[in-house]
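One structure is given below, encoded as structure tokens.
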Amino acid sequence: MKKKEKENQEEKEEEEEEMSVERIFEGKEVPSWREQLTVRAFVVSLVLSVLFTFIVMKLNLTTGIIPSLNVSAGLLGFFFVSVWTKFLDKSGLLNQPFTRQENTVIQTCVVASSGIAFSGGFGSYLFGMSQIIAKQSENAGGNKEYKNPTVAWMIGFLFVVSFLGLFSVVPLRKIMIVDFKLTYPSGTATAHLINSFHTPQGAKLAKKQVRVLGKYFSFSFLWGFFQWFFAAGDDCGFAGFPTFGLKAYKYKFFFDFSATYVGVGMICPYIVNISLLVGGILSWGLMWPLIETRKGDWYPADLPSSNIRGLQGYKIFIAIATILGDGLYNFFKVLSQTLLGLFYQLQYKNMSGVPPIEDRSSPRSSSTSYNDTRRTQFFLKDQIPTSFAIGGYIAIAAISMATLPHIFPQLKWYYILVIYLVAPTMAFCNAYGCGLTDWSLASTYGKLAIFSIGAWAGAAHGGVIAGLAACGVMMNIVSTASDLMQDFKTGYLTLASPRSMFVSQFIGTAMGCVISPCVFWLFYKAFPDLGQSGSEYPAPYALVYHNMAVLGVEGISNLPKNCFTLCCVFFGAAILVNLVRDTVGRKRAQFIPIPMAMAIPFYLGPYFAIDMCVGSLILFIWQRINKAKAEAFGPAVASGLICGEGIWTLPSSILALAGIKQPICMKFLSRATNARVDKFLGA
């Protein structure tokens with residue numbers, strides 16, 4: 001009983017804190033939308049964009065798992081501008097104080113810019129077009145289609161496809177944010193974070209968090225630097241440490257001492273990390289060793305390990321089937337929720353004028369009403385004309401239809417026209433679904449484009465490249481649409497103008513269209529084995545996306561024996577597991593693995609999942625010892641670990657380009673192998 005009363009008291013305090021947000025800032029003047037867009041905001045955004053693009057690119061090219069970096073972006077943006085304004089204030093040169101609206105502009109710009117590193121396809125569809133990936137995917141059909149990346153066409157491609165999503169949902173901002181009151185959990189959490197930074201208590205906590213972030217950033221960076229000295233060849237260094245023995249190491253079961261993935265594990269939910277580990281055990285611990293015993297029966301014994309008609313084919317296509325099963329289930333689930341939610345929204349609005357998401361019986365209604373009134377007033381103050389949005393969409397679509405066929409001759413103008421006709425609907429569904437569930441299905445929409453456009457074009461007319469390029473067009477539109485609506489929600493809760501949000505997202509997207517290709521090009525030139533299985537940067541999703549395109553164009557005739565049957569089993573299992581997760585309730589579902597996460601180690605191996613589980617274990621123990629401190633500083637520690645080693649990739653890339661090699665190879669051998677090596681060297 002006492003425990004229940006304590007919980008009710010805590011909930012009441014949280015409600016009072018939320019109700020008082022706009023009362024706290026009531027005396028502070030809200031700057032105009034032009035004043036929110038400061039030069040210092042965009043200078044800081046540019047610096048942080050480069051930082052986060054390196055981090056996202058590294059994650060993209062290693063495992064493809066990218067956690068939310070909103071906390072890091074908001075925290076570092078607050079820190080840099082606070083230091084800037086403090087220095088100017090002491091010098092007597094400060095003209096404008098640092099506001100939460102300006103903080104929101106920085107946050108929006110950085111996330112938009114670094115987001116291009118993901119939606120730009122550098123670890124998926126875009127790199128999947130390259131000769132490196134196409135060679136690994138060669139099959140009996142003799143598919144030789146490829147388009148190698150260059151900075152010029154990558155920048156051009158991104159500029160003509162990345163802005164359409166911004167214009168597609170602008171006219172719906174009032175409906176989504178004010179009328180339907182969609183939650184957009186990530187946008188809401190970011191807004192609460194920024195609001196807290198700009199209160200006296202929050203500012204003190206933010207300074208402590210920055211110090212913690214800086215400490216672990218330094219440790220992670222120096223740890224990456226230290227490891228570099230021992231990695232002079234394949235399987236050298238701490239990343240090749242056979243933690244559980246050499247037999248386990250052969251099947252990718254080892255801890256590779258990656259500070260980045262320990263940090264990622266601290267941010268990702270426990271169930272995601274456990275799902276990755278379960279997937280790794282199921283595939284590399286059971287399935288692949290068993291399929292290996294069928295060598296010579298299910299697939300030719302003399303095939304190289306990288307050939308997709310051998311064991312590699314089972315790894316890739318079973319992973320694809322699981323990803324598609326999970327993706328399609330969630331696509332139809334979110335789509336049905338979207339349509340049902342729309343129906344109820346419109347029905348209730350017509351009946352009572354009050355949206356059903358808003359709880360009219362809530363005791364907070366009168367105080368929350370003040371927050372809502374003030375926020376709605378500022379949100380509707382600076383309108384973005386609908387004619388501007390429609391005109392912008394049509395103009396960019398026309399430029400895109402004229403330009404893209406020159407970059408990709410296989411992608412005909414009428415394919416692009418069809419995509420642009422259906423894209424606004426897809427963008428709306430993704431943005432609305434994201435508002436309900438916080439789940440962007442951009443990659444799923446991209447996969448649908450791969451199969452539909454690839455099959456339409458056919459093998460004889462470059463269907464593989466056409467499908468991958470179409471994936472890029474669709475993915476960029478729906479991804480930026482949901483990102484912008486998340487930013488509108490953040491702006492709504494921090495009183496940032498929709499105009500400043502749109503301009504910040506636009507500038508951030510433009511930054512990303514230049515920064516991301518340049519950063520990828522640095523990786524591409526510095527690491528010759530980029531995209532190769534077993535290398536430091538295997539880019540697993542590039543091969544997965546390429547093979548999806550091949551599958552869409554050529555069908556299942558080139559799969560190894562029994563591979564299609566196994567794919568059907570895993571496709572059905574992914575749907576069934578998701579169905580069970582949704583029917584047993586949220587409390588029990590947290591103990592059932594997520595199929596999408598389970599599929600990722602099928603191709604890569606479970607080594608990074610072990611790193612992430614170590615991160616989860618650290619956080620779990622910390623929460624047991626001191627929950628309040630873990631919740632306050634856990635994200636800062638994780639961000640520091642991710643950022644430090646992520647930034648080390650910049651100097652390591654420069655060293656590689658300069659031809660400076662690591663001096664030492666630290667390798668681990670069995671006793672028998674070591675004896676043979678000693679005997680050979682002694683001879």
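A quick note: this is a predicted structure, and the numbers were derived from the prediction, not measured.
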(request) Check Phe52 against Cys643 and note the closest heavy-atom contact, atom names and distance. (result) CE2-SG, 4.4 Å
(message) Using a 3.5 Å distance criterion without hydrogens, assess whether the side chain of Thr243 forms a donor-acceptor pair with backbone atoms of Phe255.
(response) yes
(message) Could you check whether atom CZ of Phe42 has more than 12 heavy atoms from other residues, nucleotides or ligands sitting under 6.0 Å from it?
(response) yes
(request) For residues Ile133 and Gln136, determine if any side-chain heavy atom of one lies less than 4.5 Å from a side-chain heavy atom of the other. (result) yes
(message) Closer than 3.5 angstrom, by distance alone: can the side chain of Gln227 be matched with the main-chain N or O of Phe238 as a donor-acceptor pair?
(response) no
(request) Measure from NZ or CZ of Lys252 to the centre of the six-membered ring of Trp288, then state whether that distance is under 6.0 Å and the direction lies within 45° of the axis. (result) no
(message) With no hydrogens and no angle check, just 3.5 Å: does a side-chain donor-acceptor pair link Thr62 and Tyr261?
(response) yes
(request) Report the distance from atom OG of Ser516 to atom CG of Leu158, rounding to the nearest 0.5 Å. (result) 7.5 Å
(request) Say whether, by atom type as modelled, one donor and one acceptor occur between the side chain of Tyr251 and the main chain of Gly605 under 3.5 angstrom. (result) no
(message) Looking at every non-hydrogen atom in both residues, tell me the closest pair between Phe570 and Leu282 and how far apart they are.
(response) CE2-CD2, 4.1 Å
(message) If I compare all heavy atoms of Leu641 with all of Ser220, which pair ends up nearest, and what's the gap?
(response) O-OG, 2.7 Å
(request) Give a yes or no answer on whether the side chain of Lys147 reaches the backbone of Ile407 with a donor-acceptor pair at less than 3.5 Å. (result) yes
(message) So Val519 and Val56, do their side chains get closer than 4.5 Å, heavy atoms only?
(response) no
(request) Please confirm whether Phe520 and Phe127 have ring centers closer than 6.0 angstrom. (result) yes
(message) Is the distance from the ring center of Phe253 to that of Phe244 below 6.0 Å?
(response) no
(message) A side-chain contact here means heavy atoms from C-beta on lying under 4.5 Å apart; do Val473 and Leu164 qualify?
(response) no
(request) For the pair Ser113 (side chain) and Cys109 (backbone), establish whether a donor and an acceptor sit closer than 3.5 Å, ignoring hydrogens and angles. (result) no
(message) Checking the side chain of Asn60 only, and the main-chain atoms of Ala117 only, is there a donor and an acceptor separated by less than 3.5 Å?
(response) yes
(request) Kindly say whether Leu311 contributes a backbone atom to a donor-acceptor pair with the side chain of Trp298 at under 3.5 angstrom? (result) no
(request) For Phe230, look at atom CZ and say whether over 12 heavy atoms of other residues, nucleotides or ligands are found less than 6.0 Å away. (result) yes
(message) How close do Gly531 and Ser535 get, counting heavy atoms only, and between which atoms?
(response) N-OG, 4.2 Å
(message) Parallel, tilted or perpendicular: which one describes the rings of Tyr545 and Tyr541, with boundaries at 30° and 60°?
(response) perpendicular
(message) Between Ser162 (side chain only) and Phe159 (backbone N and O only), is there a donor and an acceptor less than 3.5 Å apart?
(response) no
(request) Any chance you could lay out the side-chain contact (heavy atoms from CB on, under 4.5 Å) test for Ile116 and Ile515, step after step, and finish with the verdict? (result) CA-CA 9 Å; Ile116 298 292; Ile515 295 170; over 6 Å; no
(message) For a side-chain contact (heavy atoms from CB on, under 4.5 Å) check, start with the C-alpha distance between Ile477 and Val161, then their side-chain angles and the critical distance, and finish with the verdict.
(response) CA-CA 7 Å; Ile477 292 171; Val161 300; 6.0 Å; no
(message) Is the distance from the ring center of Phe157 to that of Phe408 below 6.0 Å?
(response) yes
(request) May I ask you to test the Ser283-Lys315 pair for a side-chain heavy-atom distance under 4.5 Å? (result) no
(message) Is there a side-chain contact between His546 and Tyr146 in this structure, where contact means two heavy atoms from C-beta onward sitting under 4.5 Å apart?
(response) no
(request) Would you please indicate yes or no on a ring centroid separation below 6.0 angstrom for Phe217 and Phe219? (result) no
(message) Has Ser652 got a side-chain atom pairing as donor or acceptor with Thr649's backbone, closer than 3.5 angstrom?
(response) yes
(request) Write down the atom of Pro601, the atom of Leu276, and the distance for their closest heavy-atom approach. (result) CG-O, 3.1 Å
(request) Please state whether the rings of Tyr607 and Phe254 are parallel, tilted or perpendicular, taking 30° and 60° as the class boundaries. (result) parallel
(request) Indicate yes or no: at least one non-hydrogen side-chain atom of Cys567 is less than 4.5 angstrom from one of Ile320. (result) no
(message) If you define the side chain from C-beta out and look only at heavy atoms, does anything of Leu61 sit under 4.5 Å from Phe527?
(response) no
(message) Quick one, Met474 and Tyr125 - any side-chain contact, counting heavy atoms below 4.5 Å?
(response) no
(request) Provide the closest heavy-atom pair for Gly120 versus Asn476 in the form atom of the first, atom of the second, distance. (result) N-OD1, 4.4 Å
(request) Check the angle between the aromatic planes of Phe523 and Tyr537 and answer parallel, tilted or perpendicular using the 30° and 60° thresholds. (result) perpendicular
(request) Determine whether the aromatic ring centres of Phe668 and Phe241 lie less than 6.0 Å apart. (result) yes
(request) Give a yes or no answer on whether the side chain of Asn273 reaches the backbone of Gly265 with a donor-acceptor pair at less than 3.5 Å. (result) yes
